[in-house]
Amino acid sequence: MSEYHFPRQDAQFVLDHIVEFPLICDRLGQEELNSGLNDAILEEAARLASEVLAPLNKIGDQTGAQMTEYGVQEAAGFKAAYRQFVDNGWPSLAGDPAYGGQGLPKTLSTTVMEVWQSSNMAFSLCPLLTQGAVEAVSEHASDALKKTYLEKMISGEWTATMNLTEPDAGSDLAAIKAKAVPQAGNYRIFGQKIFITWGDHQMTDNVVHLVLARLPDAPAGVRGISLFIVPKFLVNTDGSLGKRNDVKAVSLEHKLGIHASPTCVMSFGDNDGAVGYLVGEPHTGLACMFTMMNDARQGVGLQGLAVSERAYQHALAYAKERLQGTLRDGSRLAIINHPDVRRMLMLMKSGTQAMRALTYVAASQADNLEILKAANSVSDAAICQARLDLYTPIVKGWITELAQELTSLGVQIHGGMGFIEETGAAQHFRDARILPIYEGTTGIQGLDLVGRKILADNGQSLFALLDEIGSELASLELGEIFAQDLSNAIEAEQSVRDAVDWLLSHKEEAPAIGVNLMMSLGYLCAAWLMLRSVGKVQTLSDDTDVDQVFLESKQVSARFYCEHFLPRVTMHLLTMKAGSASMMALDIEQF
């Protein structure tokens, strides 16, 4: 099955009632989005996704990218699809208008990005990474570099990559060996990078590589890393393309999933050295690259939502069609009538809706930050930035881990046919498996959460979030049917608060507890937003113009989430406290 339908109704509900996107548009001075433009954008994105990108998803999985004498050849149909993608202006949606971008809110571009990621995750990785590179160049590059590269990158005419990992330096960036040698006003880059997503292809005339490397006088460790722009083709002073740079893809990785997304081994400087241009100050490359990485981490969390949604749609369609079992009158019945299949489908549906709520709320923080910056509210902007930073490891870590479960359920619902490639269910499971790994593993997200986001400010930012969650939950009046769910959520919030207090008095055990604390926060934040949804639904229930069947389904999803996922907060916290000391004390020989 290659069909994909954007879940417009649920996405619009989250935008309107959870994120309050119309208010964000007003505060950004973009009221025109509330008068129909937002609807038109989402409608056109959904059309391109369902008609062009989704049919290529299985084709790309089956054929993949190929290494040729001319470089990497993308999967069949991808170049034409990308050209249509660019011609319709999609890459520039949230770009800076000073460089040809449309300047639309991050919340809206995130919603549109969900459409691309669900319909064809391998394809959409290319613009996802380019968007992250645009963020890094915009924030840190010189005006001359911005003038040369930003407009082409924002328009999608050129794509971009992130080059960190080396054969002997996976997540340990301190071990990077790539060299940058000053020469004639720029630099010559020498070294090899691995796992470079969309490192080469024929869809655009140029590929802009952002590369971490060391200058000759660089201090050891991460403090000695600098960031460079290394284009596939050099750019002349008039903006035209010059000669080929000394950088190329030398091989492709053979992967479990995302076959149509070329994962390249890149070689820099096999001859005279690849010409590179310093971004930011010397030895500040890691800070510059983190701008791109943080954007990409939220994008990968979005991928977890997107592939889970696609797997759910796939499983639901199959469950409605697959006949198994008979009624007393001898008629066959579809497997969706079996209680356990319904259980699995509801796990997928409620989990995906919870992911969507958290992803959109996190994205809206970027728009709130721009509003506060424009108003020169320095202290409020700092608080907003801290909240955005706090959400990032939760969105990336919790959502991508949950995506493993939900896409696996998609296979399970298909039964034996789920294990057969022809049904297509396995592709979503395989594609999802990379998500907790790239852009920082789940373990790294846990360390980032406890180290940079909690211990760094003594829990201040997290306690502010917990205060907001606890206050809102205490104020909700949802009726008797949700009384127990609401009580459980309030208790879960207090349990997380107690766990953070425990962490602050057991800082030495932080490395062992990060993942469990992160997962508990993910389940709690999602429960908070699902219960907020119930409050909004109950307010809308008297409006006869609103789809009452949809409103009822939102309440069912929220109840199911609270009954099946919310208890995991306690499970992770118990594991965190009980297992941290013993984990820290384990001797290598005990393995």
Side-chain angles (χ1 to χ4, degrees), residues 72 74 78-79 81-104 106 109-110 112-113 116 123-164 186 189 193 196-212 227-242 244-245 247 261-262 264 266 274-280 285 288-296 298-299 366 439:
V72 176
E74 65 280 349
F78 273 49
K79 185 171 185 177
Y82 187 79
R83 180 45 49 198
Q84 188 172 348
F85 183 76
V86 172
D87 289 346
N88 290 348
W90 293 113
S92 65
L93 208 63
D96 186 345
Y99 296 96
Q102 300 177 55
L104 297 182
K106 180 66 177 290
S109 67
T110 296
V112 172
M113 183 65 80
W116 312 140
F123 174 93
S124 57
L125 270 165
C126 191
L128 172 66
L129 284 170
T130 303
Q131 175 184 302
V134 166
E135 295 289 335
V137 172
S138 298
E139 184 74 21
H140 302 288
S142 66
D143 290 341
L145 289 176
K146 291 178 185 179
K147 181 178 179 181
T148 301
Y149 292 97
L150 270 185
E151 185 171 343
K152 301 283 190 181
M153 292 163 63
I154 287 173
S155 70
E157 187 174 342
W158 296 346
T159 63
T161 71
M162 178 165 49
N163 288 249
L164 289 76
N186 47 55
I189 311 299
K193 300 289 183 176
I196 308 307
T197 302
W198 283 96
D200 191 35
H201 56 84
Q202 310 306 315
M203 299 194 302
T204 60
D205 294 334
N206 207 2
V207 180
V208 181
H209 302 290
L210 268 64
V211 184
L212 291 181
L227 179 64
F228 301 87
I229 285 177
V230 183
K232 179 179 178 180
F233 287 92
L234 300 178
V235 183
N236 297 320
T237 54
D238 63 358
S240 63
L241 294 182
R244 177 71 185 258
N245 205 357
V247 53
S261 171
C264 306
M266 303 295 299
V275 177
Y277 308 93
L278 181 67
V279 176
C288 297
M289 187 63 88
F290 256 107
T291 300
M292 183 176 186
M293 288 176 66
N294 284 332
D295 185 85
Q298 289 221 20
E439 303 307 334

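These figures come from a predicted structure and were not determined experimentally.
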For Cys288 and Ala136, the nearest pair of non-hydrogen atoms, with its separation, is O-CB, 3.9 Å
Do the side chains of Trp158 and Pro231 get nearer than 4.5 Å, heavy atoms only?
no
Scanning both residues in full, the closest heavy-atom pair of Lys146 with Val137 reads CE-O, 3.6 Å
Sub-4.5 Å side-chain heavy-atom contact between Leu150 and Asp96 = no
The complete set of salt bridge (charged side-chain N to carboxylate O under 4.0 Å, His left out) pairs with one or both residues in residues 200-212, sequence neighbours excluded, reads Asp200-Lys232
**OP:** Flag the pair Gln131 / Met113 as yes when at least one side-chain heavy-atom distance between them is below 4.5 Å, and no otherwise.
**Re:** yes
**OP:** Please confirm whether the backbone N or O of Glu135 pairs with a side-chain atom of Ser138, one donor and one acceptor, at under 3.5 Å?
**Re:** no
Query - Side-chain donor-acceptor pair present, Asn163, Thr161, cut-off under 3.5 Å - result: yes
d(Asp295 CG, Glu139 CD) to nearest 0.5 Å is 11.5 Å
Nearest heavy-atom contact between Leu212 and Lys193 is O-NZ, 2.8 Å
Pair up each side-chain donor or acceptor in residues 86-93 with any protein partner under 3.5 Å, not counting sequence neighbours, and list the distances.
| from | atom 1 | to | atom 2 | distance (Å) |
| --- | --- | --- | --- | --- |
| Asn88 | ND2 | Gln84 | O | 3.4 |
| Ser92 | OG | Gly89 | O | 3.0 |
| Ser92 | OG | Gln102 | NE2 | 3.0 |

Q: Please step through side-chain contact (heavy atoms from CB on, under 4.5 Å) for the pair Leu210 and Ile229, ending with a clear verdict.
A: CA-CA 5 Å; Leu210 268 64; Ile229 285 177; 4.3 Å; yes
Item to check | Short side-chain to backbone donor-acceptor contact, Asn245 and Leu234, under 3.5 Å | outcome: no
Problem set entry | Check against side-chain contact (heavy atoms from CB on, under 4.5 Å), Met162 and Glu439 | CA-CA 10 Å; Met162 178 165 49; Glu439 303 307 334; 2.9 Å; yes
**OP:** Kindly indicate whether the side chain of Val235, heavy atoms from C-beta on, has any atom under 4.5 Å from the side chain of Asn206.
**Re:** yes
All heavy atoms of His201 vs all of Cys126, minimum pair found to be NE2-SG, 4.2 Å
Rounded to the nearest 0.5 Å, the CD1 atom of Ile189 sits from the OH atom of Tyr277 at a distance of 10.5 Å
Note: Met292 and Leu129 closest approach over all heavy atoms is CE-O, 3.3 Å
So CG of Leu164 and CD1 of Ile196: to nearest 0.5 Å the spacing works out to 7.0 Å
The reported gap from OG1 in Thr204 to CZ in Arg83 (rounded to nearest 0.5 angstrom) is 8.5 Å
Notebook entry, point to check: Hey, what's the ring geometry for Phe123 with Phe85, parallel, tilted or perpendicular (30° and 60° as the breaks)?
Noted result: perpendicular
Taken to the nearest 0.5 Å, the spacing of Gln298 CD from Thr110 OG1 works out to 7.5 Å
So CG of Leu227 and OG1 of Thr291: to nearest 0.5 Å the spacing works out to 9.5 Å
request  = Could you tell me whether the side chain of Tyr99 reaches within less than 4.5 Å of the side chain of Val134, counting heavy atoms only?
outcome  = no
_Quick one, Thr159 and Met203 - any side-chain contact, counting heavy atoms below 4.5 Å?_
no
query = Any side-chain heavy atom of Val72 within less than 4.5 Å of one from Trp198?
reply = no
Ser240 side chain vs Asn236 backbone, donor-acceptor pair below 3.5 Å
no
Subject >> Validation row: Val211, Met266 side chains within 4.5 angstrom (heavy atoms) >> reply: no
Between Ser261 and Thr197 the two heavy atoms that sit nearest each other are OG-CG2, 3.4 Å
